[in-house]
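Written out below as structure tokens is the structure these notes cover.
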Amino acid sequence: MLEERAYSKEELAVILGTSDTQGMKRKLETHKIDFTTTGRGKSLVFNLVKIQDPFRVLCITDLGFAPNTDFKKLRN
């Protein structure tokens, strides 16, 4: 489960399933997560500021649901 805290590049790569920096940024934006980055290269740190829809992120990252699932119907 993603939390609102700082993650190293390697840590976030395991959670999101991609090691490409641009891919990680794109996935975070798709999941509607506000973040900032500090550093570069292997010392890159992602600071997750606000997760807009934590239920959606939980379902996709931990439970394995497809991103195009209707999460309102799933929740209800």
query: To the nearest 0.5 Å, how far apart are OG1 in Thr36 and CG in Leu48?
result: 8.5 Å

message: Let's go through Ile33 and Lys50 carefully: what are the C-alpha distance in whole Å and the side-chain angles of both, what is the deciding distance for side chain to side chain contact (heavy atoms under 4.5 Å, CB included) to 0.1 Å, and is it a yes or a no?
response: CA-CA 6 Å; Ile33 298 173; Lys50 178 72 177 157; over 6 Å; no

- request: Start with the C-alpha distance between Leu74 and Cys59, add both sets of side-chain angles, then the distance that settles side chain to side chain contact (heavy atoms under 4.5 Å, CB included), and finish with yes or no.
  value: CA-CA 10 Å; Leu74 180 67; Cys59 290; 3.8 Å; yes

task: May I ask you to test the Val14-Leu12 pair for a side-chain heavy-atom distance under 4.5 Å?
output: no

field: Side chains of Phe35 and Asn47 in contact at under 4.5 Å (non-hydrogen atoms)
entry: no

- prompt: Below 4.5 Å, heavy atoms only, C-beta onward: do Phe65 and Arg56 meet side chain to side chain?
  reply: no

message: Would the distance check show the side chain of Thr61 and the main-chain N or O of Val57 forming a donor-acceptor pair, the cut-off being under 3.5 Å?
response: yes

- request: Would you mind reporting whether Asp34 and Gln52 have side-chain heavy atoms less than 4.5 Å apart?
  value: yes

- request: Spell out, as yes or no, whether a donor-acceptor pair under 3.5 Å connects the side chain of Asp62 to the backbone of Met1.
  value: yes

message: Has Thr30 got a side-chain atom pairing as donor or acceptor with Arg26's backbone, closer than 3.5 angstrom?
response: yes

- prompt: Is any side-chain heavy atom of Lys42 closer than 4.5 Å to a side-chain heavy atom of Glu10?
  reply: yes

message: Assess the residue pair Lys27 and Leu16 against the criterion (side chain to side chain contact (heavy atoms under 4.5 Å, CB included)); give the C-alpha distance rounded to whole Å, side-chain angles, the decisive distance to 0.1 Å, and a yes or no.
response: CA-CA 7 Å; Lys27 282 191 177 192; Leu16 295 178; 4.1 Å; yes

- request: Verify the neighbour count for atom CZ of Arg5: are there more than 12 heavy atoms of other residues, nucleotides or ligands below 6.0 Å?
  value: yes

message: Any heavy-atom pair between the side chains of Val45 and Thr37 that's under 4.5 Å?
response: no

message: Starting from Ile60, can I reach Ile15 by hopping between I/L/V/M/F/W/Y residues whose side chains sit under 4.5 Å apart?
response: no

Closest approach of Phe71 to Ala66 (non-hydrogen atoms, all atoms of both residues): CZ-O, 3.6 Å

task: For Lys9 and Leu44, indicate whether the former's side chain and the latter's backbone hold a donor-acceptor pair under 3.5 Å.
output: no

statement: Closest non-hydrogen atoms of Ser19 and Ala13, given as atom of the first, atom of the second and distance, are CA-CB, 4.0 Å

- prompt: Considering only heavy atoms from C-beta outward, does the side chain of Phe46 approach that of Thr38 to under 4.5 Å?
  reply: no

message: I need the Asp70 CG to Arg75 CZ distance, nearest 0.5 Å.
response: 9.5 Å

